[in-house]
Structure formats: C-alpha cells, structure tokens
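Notes follow the structure.
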Amino acid sequence: MDTTQIPFGQASAPVESSSDAGEIAAFGLAINDDNPLYADGRAVPPTYAVVPGLPAFLSSVLRPDSEALAGGFGAGHGETDLYIHRPLRPGTVLRTTGEVSSAVTNRGGLNLFNRVASVDEAGELVYEHFWSVIYLGEVTGGDQGGPMADHTFPEEARSRRVGSMVLATTADQTFRYAGASGDRAVIHVDDRAARPMTGDRGKFLQGLCTLGIASRALVALAAGGEPDRIRRIAVRFARYAFPGDEITVSVYDAGTTAEGRRAFAFEAESGGQTVLKHGRVEVDGV
C-alpha cells in the first residue's frame, strides 16, 4: 500500500435526502431509544447522521483493489468522529458528499479516513463525519492528508466518573438497524458470512449500531437528556458486540474544550470485552 497514491479531496457527487420524520423515529427505535423527543420530531438521534451519510461514504470510499491499496486487505470500520454543527430538524433537505481525507499509518497497516459532509438547502454545514476503514499490510508513504483531531481517553478523567448505563440489545438488532440505516453488510445479517471472523457467535452489530445504542447513555449522562446539545461524538471500535448481549456505557468528566463546551470521555463493554474505546463527546452548555 502506498499512501502517496491516494486520491485525496475528490468529492463524490452529492446525494440528496429529506430527513423524513418517520425515518428519524424509526432510527431511534432501531437503536432501542424510545425517547419521545425523537418520536414527535422535537429532536434527532445524534448518530442519525449515518442515514444521509452512508450512500456518500460508499460512493467515495477507496476500493481495496485500487492501486493505492495494492498488497493490503480491509479489516473493517476503525474509528468515527462525528461533528454536529447545528441540530437537524425533520424535513430538512440535506446534500451529502464524501471524499478521502486522511491516511494514518500504524504498525499493522493503514487507517484511511473519509470526510462525509451534509449541508442544508442554504449551504450551511449540518454534519461533518470522519469515517475510517482499516487496511492491514505493509505501507509506504507515511501519513497523508489533513491531521485527525485527537480523542484519546484522558486517564486522569477516570477519577471523575459521571455514571454508567446498562443497555439491552435484541436478537433482531442488526436487522432493525440495517433497515433504518441502510447498513446491510452481510457480516451483520448472515451468521454464515460472519463465522470466519467471529466463530460460533456469527453475525455482530454494525459498529455505528453499537455507538447508536451507546448514544442513549451519552445523551442522558453527558447532555442532561437533551440530544440537541451534543456537538461531537468520536470513538474507536475495539471489539464486536453481539445481538442479545448487554452493552455497559461508562462516562467520565473530561473538562472543557477551547470553545467552552463540556467534554466527556466514555467507554463501552459487552460480553466481558471493551467494544468502544477512546470515546469522546462534547456538548454545548453547562
């Protein structure tokens, strides 16, 4: 793999979406969040950004058979860093584009980020979502593109634990999320396809489904129950979570940002393993 061959900054054609109120309510239910604010259109789940964003991401993501990725192989979703620049309202028409934005090398290979941006009809930025795919193998060329913002867990925050929530998942979780989000990757809906990766457990939750479920705890513990206060959610996907297993989300006070927002660190465990790590959420207000 050669990072100097990566075509950075080539935006995909815009994809238009309508932010339908029913779609938003269905997305809330698909992440097991029955918050009445989502059901009646007063707020939108923070990770709903995946719905307008996924088609643009898929149309712009670098294919494994590209010249830049020769000699490597894909290993799944690595990180996500979502910025919510303004609260979305049902009925807002969004135009979303994607582009390869950054390549971050490591000992095992390459973490390749796409920037997926959604603007409203006035051209104002609503969502800015950095999505990464991990590719394993030898890499030349070093880091390329714009630097990614840090969201490393600050260890000093462990002494400032805000609280934890235990969240249930269901046997049909991946199917409900696939319908609401559009993420129908076969490893999430077919046990046979997933078993080479997971063994007897079979299919596993989409990474952004795990994060979506965890967002219920982030809204409650970091944003005082007000989804519109959330401005950033970043995390690294560490392990698979499985349908039917509980997810425990723990939130810690991480101080304030340079812009005066409250910052929190978070992690999530499921089945005795950390499934989300280096989590960071930033909220408006005190």
Side-chain angles (χ1 to χ4, degrees), residues 6-31 38 44-66 68-69 74 76-102 111-135 145 173-190 193 203 205-213 215 233-235 237:
I6 295 172
F8 294 105
Q10 296 183 11
S12 65
V15 179
E16 191 168 285
S17 57
S18 62
S19 311
D20 185 88
E23 180 181 64
I24 291 166
F27 184 86
L29 294 177
I31 57 173
Y38 305 150
V44 174
T47 62
Y48 172 79
V50 67
V51 177
L54 184 60
F57 170 74
L58 292 176
S59 67
S60 63
V61 69
L62 201 59
R63 303 301 174 188
D65 60 356
S66 69
L69 299 178
H77 196 167
E79 301 181 32
T80 199
D81 196 347
L82 168 64
Y83 295 83
I84 303 172
H85 291 275
R86 61 191 66 244
L88 182 70
R89 289 292 173 261
T92 302
V93 174
L94 295 176
R95 290 168 58 86
T96 304
T97 57
E99 61 186 68
V100 183
S101 59
S102 300
N111 208 7
L112 191 59
F113 287 84
N114 272 51
R115 176 182 179 267
V116 179
S118 298
V119 300
D120 62 18
E121 291 178 287
E124 297 291 336
L125 190 60
V126 177
Y127 294 132
E128 191 174 17
H129 194 175
F130 294 90
W131 235 317
S132 87
V133 178
I134 296 174
Y135 297 93
Q173 192 78 62
T174 63
F175 293 94
R176 291 190 293 112
Y177 186 78
S181 69
D183 186 351
R184 297 180 178 275
V186 66
I187 52 178
H188 302 306
V189 295
D190 188 319
K203 61 182 171 290
L205 267 59
Q206 299 92 334
L208 283 166
C209 177
T210 303
L211 181 60
I213 292 168
S215 72
I233 301 178
V235 79
F237 299 104

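None of these values were measured; they are calculated from a predicted model.
- Glu23 meets the salt bridge (charged side-chain N to carboxylate O under 4.0 Å, His left out) test with no other residue; sequence neighbours excluded.
- Between Phe27 and Tyr48, the ring planes are perpendicular. Angles over 60° get that label, and only those under 30° would be called parallel.
- Using a 4.5 Å heavy-atom cutoff, the side chains of Ser60 and Val100 are not in contact.
- With rounding to the nearest 0.5 angstrom, the CG atom of Leu62 is 6.5 Å from the CD1 atom of Ile6.
- Here the closest non-hydrogen pair linking Leu82 and Ala49 is CD1-CB, 3.7 Å.
- For the residue pair Thr96 and Ser118, the shortest heavy atom distance occurs at OG1-OG, 2.7 Å.
- Summarising the geometry, atom OG1 belonging to Thr47 is positioned 4.5 Å from atom CD1 belonging to Ile31; distances are rounded to the nearest 0.5 Å.
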- Query: Passes side-chain contact (heavy atoms from CB on, under 4.5 Å), Val189 versus Phe175? Steps please.
  - Reply: CA-CA 6 Å; Val189 295; Phe175 293 94; 3.7 Å; yes

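- With Tyr177 as reference, Val50 is the one residue of Thr210, Val50, Ile213 to meet the side-chain contact (heavy atoms from CB on, under 4.5 Å) rule.
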- Message: Applying side-chain contact (heavy atoms from CB on, under 4.5 Å) to Glu99 and Gln10, what does each step give before you reach the verdict?
- Response: CA-CA 5 Å; Glu99 61 186 68; Gln10 296 183 11; 5.8 Å; no

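- In terms of heavy-atom proximity, Thr97 sits nearest to Ser12 at CG2-O, 3.5 Å.
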- Item | Audit row: Asp190, Lys203, side-chain contact (heavy atoms from CB on, under 4.5 Å) steps and yes/no | CA-CA 6 Å; Asp190 188 319; Lys203 61 182 171 290; over 6 Å; no

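- Using cut-offs of 30° and 60° on the angle between ring planes, the pair Tyr83 and Phe130 is perpendicular.
- Considering CG of Asp183 and CG of Leu58, their distance stands at 8.0 Å, rounded to 0.5 Å.
- Leu94 and Pro52 get closest at one heavy-atom pair: CD1-CG, 3.9 Å.
- The distance from atom NE2 of His85 to atom CD of Glu124, rounded to the nearest 0.5 Å, is 11.0 Å.
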- Query: Going through the checks in order, is the side-chain contact (heavy atoms from CB on, under 4.5 Å) test met by Ile134 and Phe237?
  - Reply: CA-CA 11 Å; Ile134 296 174; Phe237 299 104; over 6 Å; no

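- Heavy-atom minimum distance, Leu208 versus His129: CD1-CE1, 4.3 Å.
- With rounding to the nearest 0.5 Å, the separation of OG in Ser132 from CG in Asp81 is 10.0 Å.
- Nearest heavy atoms, Ala117 versus Leu125: CB-CD1, 3.9 Å.
- Residue Ser19 forms a side-chain contact (heavy atoms from CB on, under 4.5 Å) with just one option from Val126, Leu88, Asp120, and that option is Leu88.
- Counting heavy atoms of neighbouring residues, nucleotides and ligands inside a 6.0 Å radius, atom CZ of Arg95 does not exceed 12 of them.
- Atom OG of Ser102 and atom CZ of Arg115 lie 10.5 Å apart (nearest 0.5 Å).
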